[in-house]
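The figures here come from the full heavy-atom set of this structure, side chains too, leaving out hydrogens, waters and symmetry mates.
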Amino acid sequence: MNYDFLNVAVAGPALFLLTALVFGLFKPRYRPLHNTISELALGQYGYVQTVNFTVSGLLIMLLGLRLAAMHQHIYGSVAVAVLGAVLLLSAIFRTDPITANGSTTTGKVHNILFFIGILGIISAQFVTGFSSLGSALGFFSLACGALALLGLPITITRQTYMGLFQRALVSVVMLWVTVLALSVLG
């Protein structure tokens with residue numbers, strides 16, 4: 001079976017980041033340095049981020065499946081597919097506002113999904129790194145894994161620049177997904 005049409009799915013990570021960046025700059029009462037990406041799905045014009053979760057999630061999930069079909073870096077490929085599914089589900093299970101005093105069930109599910117996706121990717125970065133020691137992909141994967149692992153605790157604490165730190169973490173994750181895809185797809 002020819003899967004070449006799925007190579008376009010490599011645009012998923014860039015689409016996610018670009019949409020969140022541009023939309024975050026223009027959404028009323030949204031502060032990108034302070035608010036999380038998921039908060040873009042709340043309130044007025046929230047449908048833009050919901051569509052971003054849906055389309056980017058679908059593309060990233062298909063990318064992971066495409067990579068897995070090539071039988072290289074299977075653990076990383078599956079983690080990419082799971083990340084896509086997490087983004088897709090994030091369109092359904094919206095976050096709670098960071099300023100909320102309590103959590104809704106939907107918000108709790110959203111947070112659990114985030115941890116599933118991010119921990120899956122971080123572990124895949126290390127597995128890919130250690131299984132590719134001595135190569136550029138191996139070094140890059142270990143560096144991204146270390147950055148993501150160190151950045152995760154900073155990202156999840158409620159602090160003034162939470163949005164900035166989350167964007168940095170998500171950028172490292174999406175860059176790694178793209179580099180992995182390009183190295184496998186050639």
Side-chain angles (χ1 to χ4, degrees), residues 1-21 36-38 40-41 49-95 106 108-133 135-149 151-152 155-156 166-186:
M1 182 173 195
N2 187 341
Y3 295 102
D4 289 341
F5 73 96
L6 287 178
N7 290 349
V8 75
V10 78
L15 176 67
F16 183 81
L17 288 173
L18 186 61
T19 302
L21 172 70
T36 64
I37 293 170
S38 294
L40 285 168
Q49 181 59 30
T50 300
V51 169
N52 188 24
F53 277 136
T54 304
V55 174
S56 298
L58 186 59
L59 286 172
I60 293 169
M61 187 172 66
L62 289 173
L63 178 62
L65 295 174
R66 169 71 174 114
L67 297 175
M70 296 190 72
H71 304 289
Q72 294 180 27
H73 304 291
I74 298 295
Y75 190 91
S77 301
V78 170
V80 169
V82 168
L83 177 66
V86 162
L87 291 174
L88 200 54
L89 288 169
S90 293
I92 299 166
F93 298 99
R94 292 195 177 144
T95 192
T106 302
K108 288 176 185 174
V109 171
H110 182 89
N111 292 340
I112 290 168
L113 287 169
F114 170 78
F115 279 109
I116 290 169
I118 198 72
L119 293 175
I121 288 292
I122 291 172
S123 65
Q125 290 168 331
F126 283 111
V127 168
T128 302
F130 286 120
S131 68
S132 303
L133 281 176
S135 71
L137 178 63
F139 175 77
F140 184 74
S141 295
L142 290 174
C144 286
L147 281 172
L149 189 60
L152 182 60
T155 300
I156 61 174
Q166 186 203 40
R167 278 167 178 70
L169 175 64
V170 170
S171 294
V172 167
V173 165
M174 294 302 182
L175 179 61
W176 180 81
V177 168
T178 303
V179 169
L180 175 69
L182 293 175
S183 74
V184 171
L185 297 173

Problem - Distance in Å, Leu185 CG paired with Thr178 OG1, rounded so as to fall on 0.5 Å steps - result: 10.5 Å
Fill in the blank from the handout: Residue set satisfying side chain to side chain contact (heavy atoms under 4.5 Å, CB included) with Phe139, at least two apart, ordered chain then number -> none
Name each donor-acceptor pair under 3.5 Å that joins a side chain in residues 55-65 to protein atoms two or more places apart or in another chain, with its distance.
unit_1, atom_1, unit_2, atom_2, d
Ser56, OG, Phe16, N, 3.3
Ser56, OG, Asn52, O, 3.1
Ser56, OG, Asn52, OD1, 2.8

Exercise for the section: Answer yes or no: is there a donor N or O on one side and an acceptor on the other, between the side chain of Ser131 and the main chain of Thr128, under 3.5 Å? Expected result: yes
Exercise for the section: Find the distance between CZ (Phe114) and CG (Leu152) and round it off to the nearest 0.5 Å. Expected result: 5.5 Å
Determine all donor-acceptor pairs shorter than 3.5 Å in which one atom belongs to a side chain in residues 73-89; sequence neighbours excluded.
unit_1, atom_1, unit_2, atom_2, d
Tyr75, OH, Ser123, OG, 2.8
Ser77, OG, Gln72, O, 3.3
Ser77, OG, His73, O, 2.9

Problem - Exercise: identify the closest heavy-atom pair between Ala20 and Arg167 - result: O-NH2, 4.4 Å
Problem - Pairwise distance CG(Leu17) to CE(Met174) - rounded to 0.5 angstrom - result: 6.0 Å
Problem - 4.5 Å side-chain heavy-atom contact, Ser183 and Phe140 - result: no
Handout entry: Pair Arg94-Thr50, side-chain donor/acceptor within less than 3.5 Å
Key = yes
Problem - Heavy-atom closest contact (Leu67 atom, Ala181 atom, distance) - result: CD2-CA, 3.8 Å
Handout entry: Nearest-0.5 Å distance, NZ of residue Lys108 to CG of residue Asn111
Key = 10.0 Å
Fill in the blank from the handout: Closest non-hydrogen atoms of Ser132 and Leu137, given as atom of the first, atom of the second and distance, are OG-CD2, 4.5 Å
Handout entry: Test side-chain contact (heavy atoms from CB on, under 4.5 Å) applied to Ile118 and Thr155, step by step
Key = CA-CA 11 Å; Ile118 198 72; Thr155 300; over 6 Å; no
Exercise for the section: Could you grab the distance from atom OG1 of Thr19 to atom CD1 of Ile37, nearest 0.5 Å is fine? Expected result: 10.5 Å
Completion exercise
For Val172 and Cys144 the tightest heavy-atom approach is CG1-O, 3.7 Å
Fill in the blank from the handout: Correct closest heavy-atom pair for Gly129 and Leu142 would be CA-CG, 3.7 Å
Practice task
Work out which heavy atom in Ser141 is nearest to a heavy atom in Trp176; give both atom names and the distance.
Solution key: OG-NE1, 2.9 Å
Practice task
With rounding to the nearest 0.5 Å, note down the distance linking NE2 in His110 to CZ in Phe115.
Solution key: 10.5 Å
Fill in the blank from the handout: Exactly one candidate in Val184, Leu182, Leu180 meets side chain to side chain contact (heavy atoms under 4.5 Å, CB included) with Val10; the answer is Leu182
